Amino acid sequence: MYYKKNKYFFEKINAISVAKEFGTPLYVYSYNKIKKNVINFKNYFKSFNPLVCFSVKSNSNLSILKIIGKFGLGADVVSIGELMKVLKAGIKPNKIVFSGVGKNSKEIEYAIKKKILLINAESVEEIIEIEKIAKKRKEIVNIGIRLNPDTDAKTISKISTGKKEDKFGVSEKKLSEIINNYKSSKFIKIKCLSVHIGSQITSNKPYDMMLKVINRVINKIKFKFEYIDLGGGMGIEYEIKQKKLNYKNYCDSIKNFLKKNNSKIIFEPGRSIIGDAGILLTKVIYIKKTRNKNFVILDAAMNDLIRPALYNAKHRINPCDKKGKYEKKLHEFVGPICETSDSFLLTKKYKKLKPGEIMLIHDVGAYGMVLSSNYNLRPKPAEVLINGSKPIIIKKRQNIRDII
Ligand code: LLP
């Protein structure tokens, strides 16, 4: 995805022609970018050959899941819906882990029936339920236990998950009680220690802290885990020249950890695989001029992409055609929804825009479409995948009559 002579291209296709053909707002993904991200991710950690389970909550489009499965990744799911969908996409049960604090008995039973690799349990209460179901089915179930390492991920507080006041995982003390109580269970086999401290992490420090804690905990409880699931969280560059995670250093820290603990590593990346492989195409409806700023009113809104409204997240916005005069005035890019928080970006100098102009909102492949809604009774956008010069529709635009 790149600019050539001021025009934006998805692989070999001009973005404006894609907008014309499929309408806006429109999610567009690049097949080759996804492929590159998967290859890079595997390469970073190839020295210890981890099992990479794509975090389906970041993007659950069936065609995307099929591609990701074809590239050899497994899946990290958090609901029966996600589990059914990854199985439908052809991902093998022995590459699937199931996370989440509130798996209900129906979900647990389905996961057991499908013989997935691991149910990563997050509480004693959940383990009691898993054991009950396993006993009823006369099966042995492989589980992981999610540790809350009380580590600050230094990211947006709403997506931080590893501090003791967060609802996720169990404390060190609880973990050791669970191990003692369940290590000889007839129906449960503890195979994995899992953690996930947060998302959009751009510094190595939290990961190093996390590894230190796991190492200390394992030393103390003296239990051999076949798997260590380190979760996901690797951040991407939403803004140019933003601080980046150093994968080499992260890999070295894990290699050090593995010298003392010989386990198979599992990762659950979402954003780092799909985040920068997706763009939201949107059309300018009006430029509403006021004394202090121009409101650029787009046809995409917070129902299509909620990250800016929900987390104050910044997504770069660019015109598909960069050619033109630039004006020094405050511009606010907003959607048509009746909330002040329906605002994407505030910026100073910008190209003089016209109604009808097609714009790009960058890096929306992860937590974009999956978080869309019908708020203000707006239909959900379509999704298109581009592979070379061939755009294919991978999700139809919702029909307004269907939602009425
Ligand atoms: N594993 C677990 C247990 C998780 O809870 C998550 C994300 C992941 C893996 C994947 O994390 P990633 O590699 O994508 O950072 N809606 C928010 C992000 C929420 C993340 C929730 N958990 C956003 O738009 O930034």
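Atoms within a ligand are numbered from 1 in the order they appear, just like the ligands themselves. The structure presented is a predicted model; accordingly, all values stated were derived computationally and were not measured. Note that these values count all heavy atoms, side chains included, but never hydrogens, waters or copies made by symmetry.
Distances from atom 11 (O) of ligand 1 to the heavy atoms of Arg146, His196, Glu122 show the closest one on His196.
A salt bridge between Lys174 and Glu177 is absent, with no side-chain N of the basic residue lying under 4.0 Å from a carboxylate O of the acidic one. Salt bridge present: Lys7 and Asp321 bring a charged side-chain N and a carboxylate O closer than 4.0 Å. Taking the charged nitrogens against the carboxylate oxygens, Glu126 and Lys103 do have a contact shorter than 4.0 Å, which makes a salt bridge. Taking the charged nitrogens against the carboxylate oxygens, Glu122 and Lys167 have no contact shorter than 4.0 Å, which rules out a salt bridge. Look at Glu332 and Lys293 and you find a salt bridge, because one of the NZ, NE, NH1 or NH2 atoms lies within 4.0 Å of a carboxylate O, short of that distance. Under a 4.0 Å N-O distance rule, the pair Arg271/Asp363 does not qualify as a salt bridge. A salt bridge is defined here as a Lys NZ or Arg NE, NH1 or NH2 lying under 4.0 Å from an Asp or Glu carboxylate O, and Glu327 with Lys329 fails to meet this definition.
Backbone and side-chain nitrogen or oxygen atoms of Ser99 are examined, and none is located within less than 3.5 angstrom of a nitrogen or oxygen of ligand 1. Taking only nitrogen or oxygen atoms, main chain and side chain alike, Ser272 does not reach within less than 3.5 Å of ligand 1. At a 3.5 angstrom cut-off on N or O pairs, Gly198 does not count as close to ligand 1. Checked by distance only, ligand 1 and Gly270 come closer than 3.5 Å through their nitrogen or oxygen atoms.
Remark: minimum distance from atom 9 (C) of ligand 1 to any protein heavy atom is reached at Glu268 O, 3.2 Å. Of the protein's heavy atoms, Tyr367 OH, 3.6 Å lies nearest to atom 20 (C) of ligand 1. Nearest non-hydrogen protein atom to atom 19 (C) of ligand 1 is Ile159 CG2, 3.7 Å. Nearest to atom 16 (N) of ligand 1 among the protein's heavy atoms is Tyr311 OH, 2.8 Å. At the top of the distance list for atom 21 (C) of ligand 1, counting protein heavy atoms only, stands Lys57 CD, 3.8 Å. When only non-hydrogen protein atoms are considered, atom 15 (O) of ligand 1 lies nearest to Ser199 OG, 2.3 Å.
Put simply, no part of Ala366 is less than 4.0 Å from ligand 1, judged by heavy atoms. Judged by the shortest distance from any of its heavy atoms, Gly233 lies inside the 4.0 Å radius around the atoms of ligand 1.
Within the listing of ligand 1, atoms 13 (O) sit less than 4.0 angstrom from a heavy atom of Pro269. Listed by number with element, the atoms of ligand 1 under 4.0 Å from a non-hydrogen atom of Gly232 are 9 (C), 13 (O).
Across Asn294, Thr290, Leu346, a single residue satisfies side chain to side chain contact (heavy atoms under 4.5 Å, CB included) together with Leu330, and that is Leu346.
If you look at Ile201 next to ligand 1, there are no close heavy atoms at all, none under 4.0 Å. Only side-chain heavy atoms of Arg307 come within less than 4.0 Å of ligand 1; its backbone N, CA, C and O stay farther off. Looking at Leu371 against ligand 1, only its side chain comes within 4.0 Å, counting heavy atoms.
Between Phe333 and Tyr350, the ring center distance clears the sub-6.0 Å criterion. You'll find the ring centres of Tyr247 and Tyr207 outside the 6.0 Å limit.
Cation-pi geometry between Lys183 and Phe223 is not satisfied (NZ or CZ under 6.0 Å from the ring centre, within 45° of the ring normal).
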